[in-house]
Every structure is written in C-alpha cells, then in structure tokens.
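Residue numbers start from 1 in every chain, and the chains themselves are labelled A, B, ... in the order their sequence lines are given, proteins ahead of strands. As the structure is a prediction and not an experimental result, all values here were calculated from the model. Computed from heavy atoms alone, side chains included, the values below leave out hydrogens, waters and symmetry copies.
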Number of protein chains: 2
Amino acid sequence: MRGEYHPGYRLIILDIASSFGVSQAPVREAIERLKHEGLLKAEPNRGSTVAHLSLSEMREVYELRELIELYVLERMLPQLSAEDLAKLNELYESMCRVAQKDDVFAFIELDLAFHSLFYERYGNGQILGVWRGIKEKTTRFVSITNQLYFADLMVIAKGHRGLIDALQSGDLDSVKETYRRHIEGVWGRMRQML
Amino acid sequence: MRGEYHPGYRLIILDIASSFGVSQAPVREAIERLKHEGLLKAEPNRGSTVAHLSLSEMREVYELRELIELYVLERMLPQLSAEDLAKLNELYESMCRVAQKDDVFAFIELDLAFHSLFYERYGNGQILGVWRGIKEKTTRFVSITNQLYFADLMVIAKGHRGLIDALQSGDLDSVKETYRRHIEGVWGRMRQML
DNA sequence: CGCCCAAACATTATCGATAATCTTCTCGAT
DNA sequence: ATCGAGAAGATTATCGATAATGTTTGGGCG
C-alpha cells in the first residue's frame with residue numbers, strides 16, 4: 001500500500017518469514033489475502049509478485065467512481081446533517097495543514113476519508129464495498145507515483161472547500177456538477193503524471 | 001455456491017482435509033480464498049462458517065446492479081453487433097428449454113450469462129469485477145432459496161424476449177426502461193420468497 | 001560457437017506434529 | 001439449585017521438514 005515494495009517485486013516466502021521471525025504458514029496466509037485484494041499477482045509454482053497498477057486501470061477506476069459517487073451523493077444529500085458538514089470542514093482543514101508539509105500519503109488518506117463519509121452515511125454495504133476497493137487502488141497509485149503528485153496538493157485541498165460550499169447550498173445540480181468536475185480534475189492531474 | 005453447505009455451517013479443517021485426503025495446508029488456503037470472496041465468515045481462533053446471505057443484502061445488491069447495468073447498457077448500446085444479438089437470442093432459447101425442466105441452477109447461470117455479455121463487451125475491468133461479485137451473490141441466493149424460485153422460471157425467460165426486442169429497436173430510453181422494469185421485476189419476485 | 005540435456009540450486013506446495021486457544025463438562029462452594 | 005473454577009476435549013494457528021516444481025548452471029555434442 002505504501003509503495004515500499006515496487007510493482008513486479010517478487011516476494012520470497014522464506015525470506016519474509018525469517019525477516020518477521022515466523023514460519024511459512026502465516027506468510028502464506030497473508031500472501032493469499034493480498035492476492036485476493038489485488039495487491040499481489042501469482043502464478044502456480046512461480047510465486048507472487050507485487051501487482052502492477054496501470055494508468056488505464058486507474059482510468060477505469062475513475063469512471064466507476066464517478067458513476068457511484070454521483071449516485072450516492074444524490075441519494076444521501078437530503079440526509080446530510082450539520083454534524084456531517086462540520087466533520088467535512090474538519091477534514092478540509094487537516095488537508096490544508098498536511099498539504100503544506102507535502103506529506104502525500106497522509107494527504108490522500110484525508111482526501112479519501114472526506115469522500116468516504118458519503119458512502120458510509122448512505123448505508124448500502126455493497127456500494128461501500130466497491131468504494132473500499134476504489135480507495136485502495138487510489139491510495140496505491142498515489143503511493144507508487146508519489147513524488148509527482150504533491151505539486152498540486154494545496155490546489156486539491158482548496159477544491160474541497162468548493163465541494164463543502166456546494167453541499168451547503170443544498171442545490172443538487174450544482175453539487176453534482178461540482179463533484180463531477182472535482183473527480184475529473186483529480187483524475188486529470190493523475191493522468192498527467194505518466 | 002450450490003448451497004450444499006447451508007449458511008451458518010461450521011467448517012472443520014481437519015474433517016475437510018481428511019475427506020479430501022489432503023493435509024490442513026491446502027484446506028486453509030481454500031478457506032482463506034472463500035473468506036475473501038465473502039462465502040465464508042471467520043472470527044480469529046473460532047473457525048469459519050458459511051456466510052449468511054440476507055434479503056436486505058440482496059436488496060443492496062440489486063440497487064447496485066440497477067445503477068451499473070443501466071450505465072453500461074447506455075454506453076455500449078451503440079457498439080452492439082448483430083453477432084451479440086444472435087448470442088443473446090441463443091441464450092434466450094436455452095433459457096426457455098431449461099425453464100421447462102425446472103433446473104433452477106442452470107437457469108440462473110444462463111440468465112446471468114445473458115447480462116454478462118454487456119459487461120464483458122463494455123470493457124471496463126473494474127465494472128466487470130463489480131458485476132462478477134453481484135453475479136456470485138445472486139447465484140448463491142438463488143441456490144439457497146432454490147425451491148421457491150422456479151415457479152416463475154418461464155415468466156422470467158420470456159422477459160428476456162422483451163429485452164432483446166428493446167435492444168433491437170435501438171431506442172435508448174425504451175431499452176433503459178425495459179431493463180429497469182426487468183431488474184426490479186426479478187428482484188420483486190425474489191423478495192416475495194421471504 | 002551455439003544448443004540441448006542433466007545436475008545443482010532455489011522456491012513453492014504439502015505434510016504431520018506441536019502449541020495456543022476456545023468450548024464443554026464436572027465438581028465443589030454458596 | 002446456581003454459579004464459578006478448573007480440567008478435559010476439540011479446534012485453530014503455527015511450526016519445521018519433506019516433496020514437488022521451476023530455474024539456473026555447466027558440460028558434452030553437433
């Protein structure tokens with residue numbers, strides 16, 4: 001997740017086991033999990049390597065995200081409480097703080113936490129599950145590309161100010177349009193990295 | 001998947017291992033996979049049980065399905081080839097054949113294969129992944145509730161005739177409306193089971 | 001000089017056993 | 001009779017070792 005092992009790196013079970021001071025079994029279990037979360041790729045009898053995460057895959061992720069996030073937003077907008085808005089404001093301020101320190105990893109966590117609020121409030125567990133997958137892939141992509149991202153950290157943070165304002169206005173169309181532009185904007189910044 | 005082990009059933013590793021004539025390791029690996037596919041649920045040191053699949057969960061699944069299927073349909077409609085339509089017709093006829101034999105499991109496979117065509121043609125791997133999850137949950141739910149489903153098998157089969165006709169007309173709005181009614185109709189039939 | 005085959009090596013997959021943990025049952029005290 | 005402590009049993013989690021598989025290296029042959 002943090003990009004510590006780069007894509008393509010082959011994980012040797014016995015090495016990992018001895019580095020953690022455990023036997024093969026727990027390492028195998030962990031690898032099995034990571035395989036199914038899509039972080040590792042494996043071929044039978046050939047071991048596991050860190051999965052690649054291509055730009056084209058991220059394009060697909062963003063298409064899916066736009067689809068479900070606009071839907072969730074529309075549906076949960078009426079239920080949005082003052083408390084929720086306070087929480088979003090709080091996250092926005094944390095984002096600004098972290099942006100100045102150029103801490104990319106902490107920033108993306110906050111950014112995604114901001115959007116998570118809507119999915120969690122909405123209460124559809126299946127959609128939440130899809131969002132979790134999107135979140136994970138996004139985090140990983142940012143971790144991998146890292147250094148190229150933080151040029152615009154403050155710009156992205158400020159963008160969330162606009163989102164909050166739109167939510168406060170309560171006008172559905174302007175909320176959807178603001179979000180659509182936001183999501184596409186972040187994606188556009190990402191795609192320029194490669 | 002076939003409902004052989006019913007929800008709540010506890011899987012004992014050593015029993016399964018000896019029944020397959022293998023040791024614990026491969027059984028553990030399989031369980032780990034099934035856990036992450038959501039078919040099993042596990043608590044640490046307390047073993048694994050077959051996951052329950054509630055009606056409320058299926059409601060969520062159908063909400064998600066309607067969202068993404070209408071989207072995919074809209075986007076890939078222009079690319080739909082005569083070949084695709086022939087394939088859909090073929091599946092429709094198989095459905096009718098199987099419906100008469102009251103083979104619920106075979107029927108649901110055909111039904112889902114019908115809808116899979118759109119997702120596979122569309123070419124967004126992330127969305128396809130979401131669909132795979134939906135497919136799996138649906139199959140399982142039908143397997144579990146089984147006997148209650150096949151009263152309407154022929155009705156559901158015939159419904160696909162209408163979908164093909166709508167697709168052939170090429171009119172987006174009528175396609176979307178037909179599909180929306182179809183998806184909600186199948187869901188309505190399901191919810192009546194409980 | 002390059003190519004194929006076999007041996008040596010590296011690594012994964014599987015095994016059976018032990019350790020840790022949880023559950024059930026028994027027994028004594030209240 | 002009820003509750004809790006503790007032993008006995010069942011099961012999972014972990015271990016280290018062996019078997020199976022894949023990869024590399026070195027040597028003989030064309």
Lys135(A): side-chain contact (heavy atoms from CB on, under 4.5 Å) partners, not counting sequence neighbours: Leu112(A), Ser116(A), Trp131(A)
Hey, which of Arg33(A), Arg140(A), Lys137(A) is the one that makes side-chain contact (heavy atoms from CB on, under 4.5 Å) with Leu39(A)? Arg140(A)
Quick test of your reading: applying side-chain hydrogen bond (donor to acceptor under 3.5 Å, both in side chains), list the pairs with at least one residue in residues 74-87 of chain A, sequence neighbours left out, ordered by first then second residue. Tyr71(A)-Arg75(A), Glu74(A)-Lys176(A), Ser81(A)-Asp84(A), Asp84(A)-Arg121(A)
Do the side chains of Arg181(B) and Glu184(B) get close enough for a salt bridge, i.e. N-O under 4.0 angstrom? no
Overall bend - the helix from dC1(C)-dG30(D) to dT30(C)-dA1(D), comparing terminal axes fitted on five pairs, nearest 10 degrees: 10°
Would you tabulate the nitrogen or oxygen pairs shorter than 3.5 Å linking the protein to nucleotides 8-10 of chain C?
none

In chain order, what residues pass the side-chain contact (heavy atoms from CB on, under 4.5 Å) check against Leu73(A), with sequence neighbours excluded? Phe118(A), Val175(A), Tyr179(A)
Where Ala106(B) and Val98(B) come nearest, the two heavy atoms and their spacing: CB-CG1, 3.8 Å
Would you be so kind as to tabulate the donor-acceptor pairs closer than 3.5 Å made by side chains of residues 14-23 of chain A, with sequence neighbours excluded?
{"from": "Ser18(A)", "atom 1": "OG", "to": "Leu14(A)", "atom 2": "O", "distance (Å)": "3.3"}
{"from": "Ser18(A)", "atom 1": "OG", "to": "Asp15(A)", "atom 2": "O", "distance (Å)": "3.1"}
{"from": "Ser19(A)", "atom 1": "OG", "to": "Ile16(A)", "atom 2": "O", "distance (Å)": "2.9"}

Short of 4.0 Å, heavy atom to strand atom, which residues of residues 18-27 of chain A count as contacting DNA chain D? Val22(A), Ser23(A), Gln24(A), Ala25(A), Pro26(A)
Lys35(A) to Ala42(A) - nearest heavy-atom pair and separation: CD-CB, 3.5 Å
Set out, in order, the CA-CA distance, both residues' side-chain angles and the distance that settles salt bridge (Lys or Arg N to Asp or Glu O under 4.0 Å) for Glu63(A) and Arg59(A), then state yes or no. CA-CA 6 Å; Glu63(A) 182 181 352; Arg59(A) 194 201 60 77; 3.5 Å; yes
Which pairs of donor and acceptor atoms, one on a side chain in residues 43-51 of chain B, lie under 3.5 Å apart (sequence neighbours left out)?
none

Could you tell me which non-hydrogen atom of Tyr119(B) sits nearest to which non-hydrogen atom of Arg65(B), and how far apart they are? OH-O, 4.1 Å
What range of DNA chain D does chain B touch, first nucleotide to last, counting atoms under 4.0 Å from its heavy atoms? dT11(D) to dT14(D)
Have Glu69(B) and His115(B) got a donor and an acceptor in their side chains that come within less than 3.5 Å? yes
Is there any ring pair (Phe, Tyr, Trp, His ring centres under 6.0 Å) pair reaching into residues 38-67 of chain B, and which pairs are they, with sequence neighbours excluded? Tyr62(B)-Trp187(B)
The criterion is side-chain hydrogen bond (donor to acceptor under 3.5 Å, both in side chains); which residues satisfy it with Glu109(B), sequence neighbours excluded? none
Which of residues 30-46 of chain A sit near DNA chain D, with a heavy atom under 4.0 Å from it? Asn45(A), Arg46(A)
Has Glu32(B) got a side-chain atom pairing as donor or acceptor with Glu29(A)'s backbone, closer than 3.5 angstrom? no
